[in-house]
Amino acid sequence: MNKRSLCILLVLAFLLGCFFQYSRIDGFLYLGALGNRLMGERVLRPAPAEEALPREKFLIVYDPTDVLSMYARNNMEKILTEKRKAFESRPMTDTFVVDASYQGVALATGQLGATAMLPAVLDYACAGGTVLALQKIEPAEIGSVSAETLADFGVASLGEVADVVGIHVRTNFLAGGKDFRFDEDSAYTTQVNTVTLTADATTHITSAEGTPLLWEKPLGAGRIYAYNGVERDDKTNLGIFAALMAHCGTDTIYPVVGVKLFILDDFPAPVPEGDFERIYDELGVDTETFYRKIWWPFIRRLAEEENLRYTGAIIETYGAQVKGPFHPLDGRAARDGLIIYGRELLNMGGELGLHGYNHQPLAPEGYGQPRLNYVPWESQEDMEEAMRELRNYVKSAFPDYEFRFYVPPSNIMSPEGKAAVRKVFPEVIVFGALFDGPASERVYYQNFERRDGVFEIPRISSGHEDNALILWQEISALNYIGVFSHFIHPDELFYESSENTTWNTMETGMKSFMHKISTRFPWLMPETISGSLPFFSDYFDMDYRVRRTPEGMVLYTWGCTGELRFLLRTAHEIERTEGCTAEYADDGVYLIRTSAPEARIYWKEAS
């Protein structure tokens with residue numbers, strides 16, 4: 001070997017040595033470092049002179065002595081406040097003027113005979129107004145309300161109270177909801193009156209077996225929408241109430257967020273070792289191969305096919321330790337998986353969030369831990385110590401990454417736990433748990449809101465299955481706030497509740513469910529959690545006014561930094577727009593996306 005060749009070999013050996021040493025100390029993690037920088041300081045668009053224009057105004061009539069009436073009143077007030085509508089709420093025994101200035105009048109009571117101003121409300125409808133009956137007519141009203149008045153509300157005959165099951169949406173009264181239905185086997189029940197409707201009433205929603213739940217009745221130049229139920233103890237009526245508001249008057253517009261969120265909970269996480277019997281029997285592979293070769297490739301294909309951007313929620317270990325010192329798992333397998341899966345997720349436009357050091361909810365005793373075989377924490381200090389170990393773990397793999405999102409294990413989190421997360425990860429500004437569920441469970445229920453710079457962005461639905469109940473929950477939430485928020489877990493096949501489920505069933509179900517969402521709601525924009533924050537911020541901060549003309553409508557917006565999104569219901573065909581775009585959302589429904597503080601929508605002239 002000549003001297004030149006020897007020198008080349010020595011140089012190569014040196015470079016290889018440097019390469020492997022640099023790799024051993026994780027030097028490559030700092031090359032092309034991945035961050036998660038949040039939006040900078042927001043400069044809100046100032047209010048124009050058109051701020052002086054009046055807001056659209058509603059009247060709510062309620063029974064202060066009835067709990068369900070008060071619930072209905074509060075929910076309608078919540079929706080109107082969030083949609084920047086003005087309202088007045090008056091007890092049903094009051095006397096007041098009902099004039100044409102109201103965009104709609106909502107009766108949050110079924111006691112029609114005891115409503116002092118009912119004749120004035122009906123006159124308002126006859127003159128062209130819209131009346132919303134938010135509660136079923138009380139059976140006691142049969143003797144105190146005339147047959148003519150019942151007919152005004154679309155009721156030809158009023159029968160007994162009954163509990164009916166399921167839902168069948170027969171029209172697009174709910175945007176994206178037409179032809180959706182539950183089967184009769186559904187656990188979803190509604191307490192209703194058995195009714196026969198007048199011939200001129202249009203039924204929009206029925207129970208699974210056909211009992212009218214919501215209908216429309218023309219009255220003079222106006223109309224009445226009647227809901228044949230009582231206020232529910234869940235949040236699914238928010239969508240119906242928002243849709244009722246959207247049907248008041250003509251060319252009704254209201255703001256939505258307009259985002260599609262998809263969270264991979266418990267991912268990346270340590271992959272269980274060995275075989276899982278049902279996976280091996282069905283697919284002939286061990287658990288690690290299932291994750292790497294089957295589940296993850298399917299999730300990546302789903303993102304391409306259904307236009308999704310994922311946010312993961314990292315967990316370090318599945319141990320039950322709640323007292324320090326806390327240590328990472330032995331070996332490199334879990335950390336290598338975090339790096340590999342985490343980088344692949346980020347490279348496909350996703351985001352990394354946090355789930356915990358382990359899967360023990362950050363809560364002291366008293367949060368129902370024994371029911372789920374969890375161990376309570378003794379102190380907030382212990383929680384903080386565990387979170388510091390989690391910080392060391394994730395920062396060792398993603399040193400320059402900012403983790404903005406935290407998902408409480410099993411949706412359980414105490415105030416002490418939330419404080420521990422914020423103390424160790426002050427950059428965490430989003431918490432994601434549950435939007436709805438049984439009040440008896442001690443879990444972290446949220447509304448979509450922002451308090452002191454911290455966002456509450458809950459999940460609406462979860463799971464790999466194509467389930468009618470979760471689709472109904474999403475249809476309702478999308479009509480209410482315009483947010484799709486879904487969670488899945490890679491280990492759902494291991495759950496006891498999945499013992500009669502196969503991977504093929506889960507794969508097929510997930511594809512079917514997401515395709516329904518894409519088909520019914522094509523206007524949703526896929527975002528990560530952090531990517532959605534500018535849209536949530538603008539939704540929370542914005543304000544607007546509307547000026548209607550024979551040629552179209554003008555939308556004035558302010559208090560925002562960028563694009564705003566609205567749903568517009570109109571019988572008009574849109575010819576063109578200025579300062580905004582109009583996208584088809586459903587028959588007679590458009591998604592309006594503003595690009596200027598003054599946006600104009602022009603109707604197409606009838607030929």
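Positions are given from 1 along the sequence.
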Handout entry: Side chain proximity check, Ile481 to Tyr539, heavy atoms < 4.5 angstrom
Key = yes
Practice task
Begin with the C-alpha distance, continue with both residues' side-chain angles, and end with the deciding distance and a verdict on salt bridge (Lys or Arg N to Asp or Glu O under 4.0 Å) for Asp587 and Lys178.
Solution key: CA-CA 10 Å; Asp587 291 342; Lys178 185 177 181 181; 5.3 Å; no
Completion exercise
Rounded to the nearest 0.5 Å, the CG atom of Leu174 sits from the CG atom of Leu478 at a distance of 10.5 Å
Handout entry: Charged N-O contact under 4.0 Å between Asp466 and Lys516
Key = yes
Practice task
Give a yes or no on whether the ring-centroid distance for His486 and Phe513 is below 6.0 angstrom.
Solution key: yes
Problem - Cation-pi, Tyr556 ring and Arg547 (6.0 angstrom, 45 degrees) - result: no
Problem - Over all atoms of both residues, closest heavy-atom pair of Asp541 and Arg84 - result: N-NH2, 3.9 Å
Practice task
Could you pull out the closest heavy-atom pair between Pro255 and Tyr544, with the gap in Å?
Solution key: CD-OH, 3.6 Å
Handout entry: Separation of Asn237 CG from Leu134 CG (nearest 0.5 Å)
Key = 9.0 Å
Practice task
Find the distance between CE (Met542) and OG (Ser537) and round it off to the nearest 0.5 Å.
Solution key: 13.0 Å
Practice task
Determine whether more than 12 heavy atoms belonging to other residues, nucleotides or ligands lie under 6.0 Å from atom NZ of Lys78.
Solution key: yes
Handout entry: Heavy-atom side-chain contact between Tyr62 and Met92 under 4.5 Å
Key = no
Exercise for the section: Assess Arg450 against Phe540: is NZ or CZ under 6.0 Å from the centre of the six-membered ring, and within 45 degrees of the ring's axis? Expected result: no
Exercise for the section: Examine Tyr590 together with Phe566 and report whether their ring centres are nearer than 6.0 Å. Expected result: no
Practice task
Would you check if there is a donor-acceptor pair between the side chains of Thr109 and Gln135 at a distance under 3.5 Å?
Solution key: no
Exercise for the section: Answer with yes or no whether the side chains of Ser461 and Glu474 bring together a donor and an acceptor at under 3.5 Å. Expected result: yes
Practice task
With the side chain counted from C-beta on, respond yes when Leu214 and Asn228 share a heavy-atom pair under 4.5 Å apart, and no when they do not.
Solution key: no
Problem - CG-CE distance between Asn307 and Met514, expressed to the nearest 0.5 angstrom - result: 9.5 Å
Practice task
Using a 4.5 Å cut-off on heavy atoms from C-beta on, say whether the side chain of Arg600 contacts that of Glu551.
Solution key: no
Problem - Side-chain donor-acceptor contact under 3.5 Å, Thr206 with Arg170 - result: yes
Problem - Asp538 versus Arg42, closest heavy-atom pair with distance - result: OD1-NH2, 2.5 Å
Handout entry: Distance, nearest 0.5 Å, that separates CD1 of Ile79 from CG of Leu238
Key = 5.0 Å
Exercise for the section: I would like to know whether Val546 and Val554 meet side chain to side chain contact (heavy atoms under 4.5 Å, CB included); could you show each step before the answer? Expected result: CA-CA 6 Å; Val546 180; Val554 186; over 6 Å; no
Problem - Separation of Asn467 CG from Ser512 OG (nearest 0.5 Å) - result: 11.0 Å
Practice task
Give a yes-or-no answer on whether the side chains of Gln111 and Asp63 include a donor-acceptor pair shorter than 3.5 Å.
Solution key: yes
Exercise for the section: Only counting residues at least two apart or in another chain, list the ones meeting side-chain contact (heavy atoms from CB on, under 4.5 Å) with Ala116. Expected result: none
Exercise for the section: Could you verify whether a donor N or O on one side chain and an acceptor N or O on the other, from Thr189 and Asp163, lie under 3.5 Å apart? Expected result: no
Exercise for the section: May I ask you to test the Tyr310-Met348 pair for a side-chain heavy-atom distance under 4.5 Å? Expected result: yes
Exercise for the section: For the pair Glu583 and Arg593, find out whether any cationic side-chain nitrogen is under 4.0 Å from an anionic carboxylate oxygen. Expected result: yes
Practice task
Show your reasoning for whether side chain to side chain contact (heavy atoms under 4.5 Å, CB included) applies to Ile488 and Ile299.
Solution key: CA-CA 10 Å; Ile488 63 169; Ile299 293 301; 3.6 Å; yes
Fill in the blank from the handout: Of all heavy-atom pairs linking Thr252 and Gln103, the shortest is OG1-NE2, 3.7 Å
Exercise for the section: Starting from the C-alpha separation in whole Å, work towards a yes-or-no answer on salt bridge (Lys or Arg N to Asp or Glu O under 4.0 Å) for Glu56 and Arg548. Expected result: CA-CA 11 Å; Glu56 295 172 338; Arg548 293 177 174 83; 2.6 Å; yes
Handout entry: Pair Thr236-Tyr188, side-chain donor/acceptor within less than 3.5 Å
Key = yes
Exercise for the section: With sequence neighbours left out, write down each residue that passes side chain to side chain donor-acceptor pair (under 3.5 Å) with Asn447, or none if nothing qualifies. Expected result: Lys235
Handout entry: Arg223 versus Tyr225, side-chain donor and acceptor atoms under 3.5 Å
Key = yes
Problem - Over-ring placement of Lys418 relative to Phe431, 6.0 Å and 45° cut-offs - result: yes
Problem - Aromatic contact, Phe455 with Phe448 (centres under 6.0 Å) - result: no
Handout entry: Step-by-step side chain to side chain contact (heavy atoms under 4.5 Å, CB included) determination, His515 to Glu306
Key = CA-CA 7 Å; His515 190 65; Glu306 302 300 341; 3.3 Å; yes
Practice task
Answer yes or no: is there a side-chain heavy-atom contact under 4.5 Å between Glu465 and Met510?
Solution key: no
Practice task
Output, in order, the C-alpha distance, side-chain angles, deciding distance and verdict of side chain to side chain contact (heavy atoms under 4.5 Å, CB included) for Ile263 and Arg459.
Solution key: CA-CA 9 Å; Ile263 287 77; Arg459 80 184 191 198; over 6 Å; no
Practice task
Would you tell me whether Glu216 and Thr202 have side-chain atoms, one donor and one acceptor, within less than 3.5 Å of each other?
Solution key: no
Exercise for the section: Looking only at non-hydrogen atoms, find the nearest pair between Pro534 and Gly531 and report the distance. Expected result: CD-O, 3.4 Å
Exercise for the section: Please assess Glu573 against Lys604 for the test salt bridge (Lys or Arg N to Asp or Glu O under 4.0 Å), listing each intermediate value before the final yes or no. Expected result: CA-CA 5 Å; Glu573 186 177 348; Lys604 186 175 183 179; 3.7 Å; yes
Problem - Test item: side-chain donor near acceptor, Tyr480 and Glu82, under 3.5 Å - result: yes
Exercise for the section: Let me see the working for Glu527 and Arg309 under salt bridge (Lys or Arg N to Asp or Glu O under 4.0 Å), right down to the final yes or no. Expected result: CA-CA 6 Å; Glu527 294 290 350; Arg309 295 184 67 190; 3.6 Å; yes
Practice task
Could you pull out the closest heavy-atom pair between Trp215 and Ala201, with the gap in Å?
Solution key: CD1-CB, 4.4 Å
Exercise for the section: Evaluate the ring planes of Tyr102 and Tyr124, with Trp represented by its six-membered ring, and classify them as parallel (under 30°), tilted (30 to 60°) or perpendicular (over 60°). Expected result: perpendicular
Handout entry: Check: Glu209/Thr211 side-chain N/O donor and acceptor closer than 3.5 Å
Key = yes
Practice task
Would you mind checking if Asp543 and Arg55 are paired as a salt bridge, meaning a charged N to carboxylate O distance below 4.0 Å?
Solution key: yes
Exercise for the section: Return yes if a side-chain donor-acceptor contact under 3.5 Å exists between Arg45 and Thr557, otherwise no. Expected result: yes
Exercise for the section: Assess whether ring-ring contact (aromatic ring centres under 6.0 Å, His included) is satisfied between Phe180 and His168, documenting all intermediate values. Expected result: CA-CA 6 Å; Phe180 167 81; His168 184 188; 8.9 Å; no
Exercise for the section: Assess the side chains of Glu77 and Ser89: does a donor N or O sit below 3.5 Å from an acceptor N or O? Expected result: yes
